[in-house]
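Heads up: the structure comes next, in structure tokens.
Computation of the quantities below employed the complete heavy-atom set of this structure, encompassing side-chain atoms and omitting hydrogens, waters and symmetry-equivalent molecules. Source: prediction; values computed, not measured. So that the names make sense, note that chain A is the first sequence line, chain B the second, and so on, each numbered from 1.
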There are 2 protein chains.
Amino acid sequence: MDEIAGHGDEEGAAPGCADALADDLGWGLGMIFRAYVKAAHAAVADLPGGPRGYQVLSAAAQGTVASQLALAQHLGVDRTVMTYLLDDLEAASLIERRPDPTDRRARRIVATPKGNELLGSLNDRLGAAEAHLLAPLGTGTGDTFRAQVRLLATRLDVLDPADSPCDLADAVDSEIPAPRQTGRSAPSR
Amino acid sequence: MDEIAGHGDEEGAAPGCADALADDLGWGLGMIFRAYVKAAHAAVADLPGGPRGYQVLSAAAQGTVASQLALAQHLGVDRTVMTYLLDDLEAASLIERRPDPTDRRARRIVATPKGNELLGSLNDRLGAAEAHLLAPLGTGTGDTFRAQVRLLATRLDVLDPADSPCDLADAVDSEIPAPRQTGRSAPSR
DNA sequence: TATTGTTATACTCTATAACTATA
DNA sequence: TATAGTTATAGAGTATAACAATA
């Protein structure tokens with residue numbers, strides 16, 4: 001897509017901090033998302049593809065990935081990006097591309113034993129990083145926040161019908177033609 | 001920073017959708033953030049800089065922007081990016097760079113009358129877009145979510161002391177040397 | 001003819017390094 | 001010497017278009 005990602009700040013934070021940006025949902029989401037990506041990137045360390053490589057590996061370990069395209073759409077990336085991502089993960093012997101017996105064009109993505117083993121430690125490290133990120137909310141509110149994020153992410157399709165998140169497990173047993181959407185909001189310049 | 005941004009999906013969402021990715025905080029945050037950026041981009045339409053241009057304009061309208069650097073750090077972008085951003089906004093007569101009487105190196109960023117006027121309608125449109133995004137949560141939970149996002153975003157500094165969000169208003173009256181942080185977590189490859 | 005996956009190319013955005021002027 | 005702002009360059013990441021294999 002486009003922007004909203006950067007790096008560090010300086011110090012001198014005030015407790016009150018009553019500026020308009022703090023009331024801006026976009027600013028808050030950007031701050032949190034940026035902090036998460038930073039923490040997640042450190043947590044997965046040398047995993048090919050960074051945090052997104054983890055998402056691919058995690059999905060592959062479930063054995064429900066019908067095709068590269070379905071996985072790419074589920075993660076919200078282009079299918080060409082998925083090719084590079086899988087190339088790196090396969091080169092690291094973490095996942096495998098297996099031919100789909102019902103469609104020789106498609107490739108099922110499965111995790112290797114090595115991939116499953118690594119996934120275990122990655123889950124632990126990412127879980128710790130997430131807990132650290134949500135620490136300011138406290139335990140109870142942190143769980144509430146997680147639930148809200150999950151609910152919101154899985155219900156985004158009611159806003160934009162072309163953006164539905166849950167097509168992974170479904171696409172396995174039901175092959176939907178999926179009309180390709182190409183419309184984009186015009187950029188600034 | 002780096003990745004996690006893409007585009008559309010296909011349809012066929014199941015209500016249950018019980019896959020591991022939905023439990024992944026990073027996946028959820030990515031989905032929400034991506035949807036927000038998409039909606040915000042459409043809401044601000046032809047504003048130079050897109051959603052980030054709005055954040056700059058919003059901060060400028062407050063009259064508390066001590067310098068371009070302070071604003072850049074507050075928004076989490078590089079100071080070089082801020083130059084381009086302000087160039088475009090100034091060319092559109094939405095903001096002005098005024099010399100700081102106390103430091104002839106720094107530039108105060110203020111919104112022009114035209115910028116303030118535009119900001120009003122942008123606030124309306126963005127507010128509607130945000131409400132639409134949070135609609136699946138319901139009114140009460142939506143406000144709770146907003147509050148949690150705000151709280152989390154303004155308390156991220158307890159995690160990484162080098163990343164504090166509230167240095168905008170403070171930097172106006174107290175000039176802090178601010179040791180430049182250059183350390184970065186090593187990327188995958 | 002349409003779709004999956006791959007490859008090559010171009011574009012956008014970001015990061016790094018200079019440079020000027022001030023302090 | 002250090003900092004604010006600018007500019008130029010290089011790099012990472014992404015999107016677009018073409019292609020081969022299959023449906």
Side-chain angles (χ1 to χ4, degrees), chain A residues 1-8 10 34 37 41 48-53 65-73 75-88 90 97-109 171 175-184 186-189, chain B residues 1-8 10 34 37 41 49-53 65-73 75-88 90 97-109 171 175-189:
Chain A
M1 194 153 291
D2 44 286
E3 71 289 319
I4 307 210
H7 55 202
E10 62 181 62
R34 209 158 47 222
V37 170
H41 204 108
R52 198 135 67 186
V65 180
S67 68
Q68 298 184 189
L69 183 59
L71 181 57
Q73 290 167 337
L75 264 54
V77 303
D78 195 84
R79 56 179 181 172
T80 60
V81 176
M82 186 54 63
T83 297
Y84 308 138
L85 219 44
L86 294 175
D87 282 347
D88 295 342
E90 194 169 32
R97 285 186 246 227
R98 293 185 183 171
D100 186 332
T102 66
D103 187 342
R104 292 199 300 179
R105 295 173 303 180
R107 307 297 172 91
R108 304 247 176 169
I109 307 303
E175 288 189 355
I176 303 166
R180 193 89 172 86
Q181 62 137 1
T182 54
R184 309 258 299 132
S188 317
R189 57 189 181 89
Chain B
M1 193 153 291
D2 44 284
E3 71 290 319
I4 306 211
H7 55 203
E10 64 181 60
R34 209 158 45 222
V37 171
H41 205 108
R52 198 135 67 185
V65 180
S67 67
Q68 299 184 188
L69 183 59
L71 181 57
Q73 290 166 336
L75 264 54
V77 303
D78 196 84
R79 57 178 182 172
T80 61
V81 176
M82 185 55 63
T83 297
Y84 307 138
L85 220 43
L86 293 175
D87 282 347
D88 295 342
E90 195 169 31
R97 286 185 244 227
R98 293 186 182 170
D100 185 332
T102 67
D103 188 342
R104 292 199 300 179
R105 296 172 301 179
R107 306 296 170 93
R108 303 247 176 169
I109 308 302
E175 287 190 354
I176 303 167
R180 193 90 173 85
Q181 62 135 1
T182 53
R184 312 256 298 131
S185 57
S188 316
R189 60 191 182 91

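- Closest heavy-atom contact between B/Asp100 and B/Ala66: OD2-O, 4.0 Å.
- Look at A/Arg108 and A/Asp103 and you find no salt bridge, because none of the NZ, NE, NH1 or NH2 atoms lies under 4.0 Å from a carboxylate O.
- Considering all non-hydrogen atoms of both residues, A/Gly49 and A/Leu85 come closest at CA-CD1, 3.7 Å.
- Comparing the end axes of the helix from C/dT1-D/dA23 to C/dA23-D/dT1, each fitted to five base pairs by superposing C1' atoms of four pairs onto the next four, gives an inter-axis angle of 0° (nearest 10 degrees).
- Here the shortest heavy-atom pairing between A/Ser67 and A/Ala70 reads OG-N, 3.1 Å.
- OP1 or OP2 of D/dA21 has not a single side-chain nitrogen or oxygen of A/Arg107 nearer than 4.0 Å.
- Protein atom CE of B/Met82 is 15 Å distant from nucleotide atom P of C/dC13, rounded to whole Å.
- Between D/dT14 and A/Arg52, a contact under 4.0 Å exists linking OP1 or OP2 to a side-chain N or O.
- Closest to the side chain of B/Thr80, out of C/dT6, D/dG5, C/dA15, is C/dA15.
- When all heavy atoms of A/Gln68 and A/Thr83 are compared, the pair lying nearest together is NE2-OG1, 4.0 Å.
- Within the structure, a side-chain polar atom (N or O) of A/Thr83 is placed less than 4.0 Å from OP1 or OP2 of C/dT6.
- Under the rule for a side chain to side chain donor-acceptor pair (under 3.5 Å), B/Arg107 has no partner lying at least two apart in sequence or in another chain.
- Here the nucleotide nearest the side chain of B/Asp78, chosen from C/dA15, D/dT6, D/dA18, is C/dA15.
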Check the interface with nucleotides 21-23 of chain C: list each N/O to N/O pair with the protein under 3.5 Å, or write none.
unit_1 : atom_1 : unit_2   : atom_2 : d
C/dA23 : OP1    : B/Arg104 : N      : 3.0

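- B/Val37 is not listed as a side-chain neighbour of B/Arg52, based on a closest heavy-atom distance of 4.5 Å or more.
- In this structure, CZ of B/Arg79 is placed 14 Å from P of C/dC19, rounded to the nearest angstrom.
- Comparing A/Ala106 and A/Asp87 against DNA chain C, the residue whose closest nucleotide sits nearer the 5' end is A/Ala106.
- Minimum atom distance to the side chain of A/Leu69 is reached by C/dG5, of the listed C/dT14, C/dG5, C/dA8.
- In plain terms, the two heavy atoms of B/Met82 and B/Val77 that are nearest each other are CE-CG2, 3.9 Å.
- Rounded to whole Å, atom C1' of D/dA12 lies 13 Å from atom CG of A/Asp88.
- Regarding B/Tyr84, its OH atom lies at a distance of 8 Å from the P atom of D/dT7, rounded to whole Å.
- Atom pair B/Arg98:CZ and D/dG5:C1' shows a separation of 19 Å (rounding to whole Å applied).
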Carefully, step by step, assess A/Ile109 and A/Glu90 under the rule side chain to side chain contact (heavy atoms under 4.5 Å, CB included). CA-CA 10 Å; A/Ile109 307 303; A/Glu90 194 169 32; over 6 Å; no
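- Atom CZ in B/Arg97 sits about 9 Å away from atom P in D/dG5, given to the nearest Å.
- Going from atom CG of B/Leu85 over to atom C1' of C/dT12 covers 14 Å, rounded to whole Å.
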